[in-house]
Amino acid sequence: MKSAKIWFKKLDPSATAPHYGTEFSAGADLYACMKDPIVIEPGTTEFVNTGLAMEIPEGLVGLIYARSGLACKKGLAPANKVGVIDSDYRGEIIVALHNHSKQELVVKSGDRIAQIVITPYVFGDFDEAAELEATVRGDGGFGSTGGYE
């Protein structure tokens with residue numbers, strides 16, 4: 001398993017360092033860090049501070065995903081589905097949590113709110129073409145390969 005040194009800075013002394021739940025976890029838990037609990041009403045989104053900033057090495061990106069238990073059991077997940085923390089960003093990591101449930105939910109400091117996956121990316125060198133190479137699939141999308149009938 002490859003690893004990369006990810007430096008982080010606590011912007012708030014009470015912030016919790018990212019933590020992997022098991023030896024083979026791909027995502028490290030991110031924790032809420034704020035003075036007062038946040039109430040998230042049904043169908044609304046609130047910004048939740050982590051109290052952390054990170055220095056992600058060039059060529060890597062931090063992707064913020066939902067924690068499966070929080071999303072499936074409580075209905076709280078990142079509003080933007082996947083957050084992107086670029087290697088040149090040095091501000092606080094803030095998670096926009098959306099409440100998909102029908103009841104108000106409370107997030108307290110120290111709660112696990114999301115997970116961050118550090119992964120390499122490829123920088124696309126986009127170039128316009130008059131035509132694209134043909135494939136068997138062609139322009140079939142949204143279930144065209146089966147399974148959504």
Side-chain angles (χ1 to χ4, degrees), residues 1-9 11 15-34 38-107 110-149:
M1 180 177 347
K2 265 180 113 172
S3 68
K5 178 65 77 177
I6 308 296
W7 294 104
F8 70 89
K9 178 180 180 181
L11 304 174
T16 303
H19 177 75
Y20 289 101
T22 70
E23 178 184 2
F24 298 105
S25 295
D29 290 330
L30 293 175
Y31 298 80
C33 178
M34 62 271 187
I38 294 175
V39 175
I40 307 176
E41 298 294 334
T44 66
T45 300
E46 295 290 338
F47 292 96
V48 182
N49 297 71
T50 66
L52 299 175
M54 290 187 188
E55 185 176 319
I56 298 173
E58 186 178 325
L60 300 177
V61 62
L63 299 176
I64 308 294
Y65 292 102
R67 295 192 70 254
S68 60
L70 192 61
C72 295
K73 295 178 183 173
K74 301 248 181 172
L76 278 180
N80 54 344
K81 306 305 178 208
V82 179
V84 177
I85 309 299
D86 295 309
S87 63
D88 60 348
Y89 178 68
R90 294 294 185 273
E92 181 175 9
I93 294 174
I94 298 172
V95 179
L97 280 181
H98 184 79
N99 182 351
H100 295 275
S101 80
K102 294 183 179 176
Q103 60 189 15
E104 73 176 27
L105 297 169
V106 178
V107 176
D111 286 351
R112 296 180 294 174
I113 56 169
Q115 58 183 322
I116 186 167
V117 175
I118 306 296
T119 189
Y121 66 91
V122 175
F123 192 80
D125 185 12
F126 298 100
D127 203 1
E128 186 176 0
E131 296 294 327
L132 300 177
E133 185 177 318
T135 66
V136 172
R137 181 177 181 174
D139 62 0
F142 295 106
S144 66
T145 62
Y148 294 103
E149 297 173 21

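- How far CZ of R67 is from CZ of R112: 4.0 Å, rounded to the nearest 0.5 Å.
- Side-chain contact between L52 and L11: absent, with no pair of heavy atoms (C-beta onward) separated by less than 4.5 Å.
- The main-chain N or O of A134 is never found under 3.5 Å from a side-chain atom of R137 such that the two would form a donor-acceptor pair.
- Here the CD1 atom belonging to I118 is positioned 8.0 Å from the CG atom belonging to L63, to the nearest 0.5 angstrom.
- G27 approaches Q115 most closely through the heavy-atom pair CA-OE1, 3.5 Å.
- For Y20, the side chain to side chain contact (heavy atoms under 4.5 Å, CB included) test picks out S25, A28, with sequence neighbours left out.
- V82 has its side chain within reach of Y65: a pair of non-hydrogen atoms, C-beta onward, lies under 4.5 Å apart.
- When each of I64, I94, I113 is tested with T50 by the rule side-chain contact (heavy atoms from CB on, under 4.5 Å), just one qualifies, namely I113.
- What you find for Y31 and A17 is that their closest heavy atoms are CE1-O, 3.6 Å.
- With a 4.5 Å cut-off on side-chain heavy atoms, I85 and V61 do not count as touching.
- Remark: K74 NZ to Q103 CD distance equals 8.0 Å, nearest 0.5 Å.
- Side chains of D29 and P18 form no contact here, defined as non-hydrogen atoms less than 4.5 Å apart.
- Relative to the ring axis of W7, K9 does not place its NZ or CZ within 45° and under 6.0 Å from the centre.
- To the nearest 0.5 angstrom, I38 atom CD1 is 10.0 Å from D111 atom CG.
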(request) Apply side chain to side chain contact (heavy atoms under 4.5 Å, CB included) to I116 and M54, showing your working. (result) CA-CA 11 Å; I116 186 167; M54 290 187 188; 3.9 Å; yes

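- Not a single donor-acceptor pair under 3.5 Å links the side chain of E55 to the backbone N or O of F8.
- A side-chain donor-acceptor contact under 3.5 Å links Y89 to the backbone of E92.
- Among all heavy-atom pairs drawn from I40 and T44, the shortest one is CG2-O, 3.5 Å.
- Annotation: the span from L97 atom CG to E46 atom CD amounts to 9.5 Å, rounded to 0.5 Å.
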(message) For a side chain to side chain contact (heavy atoms under 4.5 Å, CB included) check, start with the C-alpha distance between T135 and E133, then their side-chain angles and the critical distance, and finish with the verdict.
(response) CA-CA 7 Å; T135 66; E133 185 177 318; 5.6 Å; no

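- Between I6 and P57, the closest side-chain pair of non-hydrogen atoms falls below 4.5 Å.
- The structure places NZ of K81 at 7.0 Å from NE2 of H98, a figure rounded to the nearest 0.5 Å.
- The environment of OH in Y121 is crowded: more than 12 heavy-atom neighbours from other residues, nucleotides or ligands sit within 6.0 Å.
- Between the side chains of E104 and N99, not a single donor N or O lies within less than 3.5 Å of an accepting N or O.
- Taking all atoms of both residues into account, the shortest heavy-atom contact from A71 to A66 is CB-CB, 4.0 Å.
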